[in-house]
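Handing you a structure now.
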Amino acid sequence: MLLKEYLTDNCENEQLAIIINNLADAAILISKTIKTINKISQSEVNKKSINVDGDLQKPLDIKSDEIIIDYLKKSPVAGYASEEQEGFIDFKNNNEFIVFADPLDGSSNIDVNVSIGTIFSIMPKNNLLLDKAFTQSGAKQKSSGFFVYGPQTTFFLTLGKGTLLFALDENIEMFVIINDEVSIPKSTSEFAINAAYKRYWNSPTAKYIQDCQDGEEGSRKKNFGMRWVGSLVADASRILIRGGVFLYPSDARTKYKNGRLRLTYEANPIAFLIEQAGGKAINGIDDILTVPVKNIHQRSPLVFGSSDEVIIYRKHCENL
Ligand code: AFP
């Protein structure tokens, strides 16, 4: 079944269906743009700038954001917030839905050909003025998804009725369902964390990871493996497909005392997909989807994946 057909049959709100179809078309263009990178001079690719939050910004980050804005301007969308924009864009209309996006997540992997992607979250304004609508908690999402530009271009989507996985059929340039009921295994023996920052970890994180590393001789009585792509969409895709637990906790670095990832356009959309696939997503203690939003670029600790492991990690945080 094609994405368009799935949305016709399952998305009650026609405007929401149009927005998702247009975001999918934007992703297809972003995917193509990335693949033609060899036609962009290497100096252009490596040109760096800094975004509003002090993070590295590359030409493809900006290009991806521009592509999404072009497609949203053709969609029934009232406003747009992005990692690459300081404040939200007001499209000056009375449309009901607003969109958050990380236009190109994992951009430090662009010039080394590692999977990167686009993350989005869609919410209704709920009769709020735009500035208030953009500070609603993740529980208000009506849809979220992310595209992975990797060996295949894939697309995880939720409308709040489970999580689905699509793959781009390059011959017809359309997304086709390959799994209509993505389900994360409750248990796992694979964790994902950037172990280089061990000296910055809080004690719950240090305890949880040490127990995993102690293997079957330790308290967990089983061996664990580790993966860390350095691209949230790639790690989330693996976890949605085969299970696992992802941790980007708060740490002792000043810039990351609330974690590195952003709540509105990274943690919230990922958490919605993970929960709809039977997993859990927390900031340590609280479910991500309940965390109050104070501003668009607010950072949050993020631990998500196989529910058994997230529960064990949460117990360490509760015992802190
Ligand atoms: P970039 O977009 O700057 O590459 O950051 C990617 C990311 O936001 C997320 O996709 C990764 O999971 C995480 O940062 C990697 O962070 P570290 O580089 O600190 O491991």
Side-chain angles (χ1 to χ4, degrees), residues 27 30-31 33-34 37 45-65 68 81-85 100-121 144-150 154 156 190-202 205 209 226-240 244-271 273-274 279 281-283 288 296-305 310:
I30 292 170
S31 179
T33 306
I34 291 165
I37 202 165
V45 167
N46 288 323
K47 201 183 288 179
K48 297 179 176 64
S49 58
I50 300 296
N51 69 14
V52 290
D53 214 36
D55 281 1
L56 203 54
Q57 190 176 48
K58 296 199 167 176
L60 274 175
D61 282 318
I62 297 166
K63 181 66 183 160
S64 302
D65 195 41
I68 291 171
S82 145
E83 178 172 2
E84 310 311 331
Q85 303 283 333
F100 302 78
D102 181 354
L104 202 58
D105 168 71
S107 49
S108 62
N109 290 309
I110 289 172
D111 32 11
V112 292
N113 196 30
V114 169
S115 297
I116 50 184
T118 296
I119 310 170
F120 70 84
S121 163
S144 77
F146 66 86
F147 303 91
V148 183
Y149 312 123
T154 54
F156 286 92
E190 195 165 70
F191 65 85
I193 193 167
N194 187 331
Y197 304 140
K198 181 176 179 181
R199 61 190 181 283
Y200 301 126
W201 293 343
N202 55 33
T205 304
I209 297 297
M226 186 186 120
R227 291 285 182 278
W228 185 253
V229 183
S231 175
L232 172 61
V233 291
D235 285 313
S237 174
R238 185 190 59 254
I239 288 168
L240 279 158
V245 58
F246 173 102
L247 304 94
Y248 210 115
S250 60
D251 70 35
R253 291 172 293 171
T254 308
K255 187 174 179 183
Y256 299 141
K257 67 181 186 315
N258 292 314
R260 172 183 172 125
L261 301 170
R262 282 25 166 263
L263 179 58
T264 63
Y265 43 78
E266 290 173 322
N268 275 343
I270 296 292
L273 288 155
I274 293 292
I282 63 175
N283 64 2
I288 286 289
I296 291 166
H297 300 293
Q298 170 179 338
R299 296 180 192 266
S300 170
L302 178 60
V303 175
F304 68 82
V310 176

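Model, not experiment: these values are computed from the prediction. Scope of the values below: all heavy atoms of this structure, side chains included, with no hydrogens, waters or symmetry mates. Whatever order the structure lists them in is the order used to number ligands and atoms, beginning at 1.
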Practice task
Examine the proximity of ligand 1 to N194 and report which part, side chain or backbone, both or neither, has a heavy atom under 4.0 Å away.
Solution key: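 Just the side chain.
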Exercise for the section: Examine L104 against ligand 1 and note whether any of their N/O atoms are separated by less than 3.5 Å. Expected result: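 In this structure, L104 places no N or O atom under 3.5 Å from an N or O of ligand 1.
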Problem - Location of contacts on N109 toward ligand 1, heavy atoms closer than 4.0 Å - result: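 It is neither; nothing of N109 touches ligand 1.
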Handout entry: Residue list, side chain to side chain contact (heavy atoms under 4.5 Å, CB included) with K257, at least two apart or on another chain
Key =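 None.
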Exercise for the section: Identify, by atom number and element, the atoms of ligand 1 in contact range of L261, meaning under 4.0 Å from any of its heavy atoms. Expected result: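 So the answer, numbered in order with elements, is 8 (O), 9 (C).
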Practice task
Pick one of side chain, backbone, both or neither for how S107 approaches ligand 1, counting any non-hydrogen atom pair under 4.0 Å.
Solution key: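 The part of S107 near ligand 1 is both the backbone and the side chain.
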Problem - Side-chain donor or acceptor of S231 paired with backbone N/O of G106 under 3.5 Å - result: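 It does not hold such a pair.
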Exercise for the section: Could you tell me whether a side-chain N or O of H297 sits under 3.5 Å from a main-chain N or O of Q85, the two making a donor and an acceptor? Expected result: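 Flag set: sc H297 to bb Q85 pair under 3.5 Å.
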Problem - Per-atom contacts, ligand 1 versus L232 - under 4.0 Å to a heavy atom - result: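 Answer, ordered by atom number: 9 (C), 10 (O), 11 (C), 12 (O).
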Problem - Contacts of F100 that satisfy ring pair (Phe, Tyr, Trp, His ring centres under 6.0 Å) - sequence neighbours left out - result: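 For F100 the ring pair (Phe, Tyr, Trp, His ring centres under 6.0 Å) partners, ignoring immediate neighbours, are F134.
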Practice task
Quick one: sort the Y149 and F147 rings into parallel, tilted or perpendicular, breaks at 30° and 60°.
Solution key: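 Plane angle under 30°, so parallel.
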Handout entry: Contact with ligand 1 for Y256, non-hydrogen, under 4.0 angstrom
Key =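 Judged by the 4.0 Å heavy-atom criterion, Y256 does not count as contacting ligand 1.
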Handout entry: Check against side-chain contact (heavy atoms from CB on, under 4.5 Å), T33 and K63
Key = CA-CA 9 Å; T33 306; K63 181 66 183 160; 4.1 Å; yes
Practice task
State the atoms of ligand 1, each with its element, that fall below the 4.0 Å cut-off from a heavy-atom position in Y197.
Solution key: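 Per the distance check, 19 (O).
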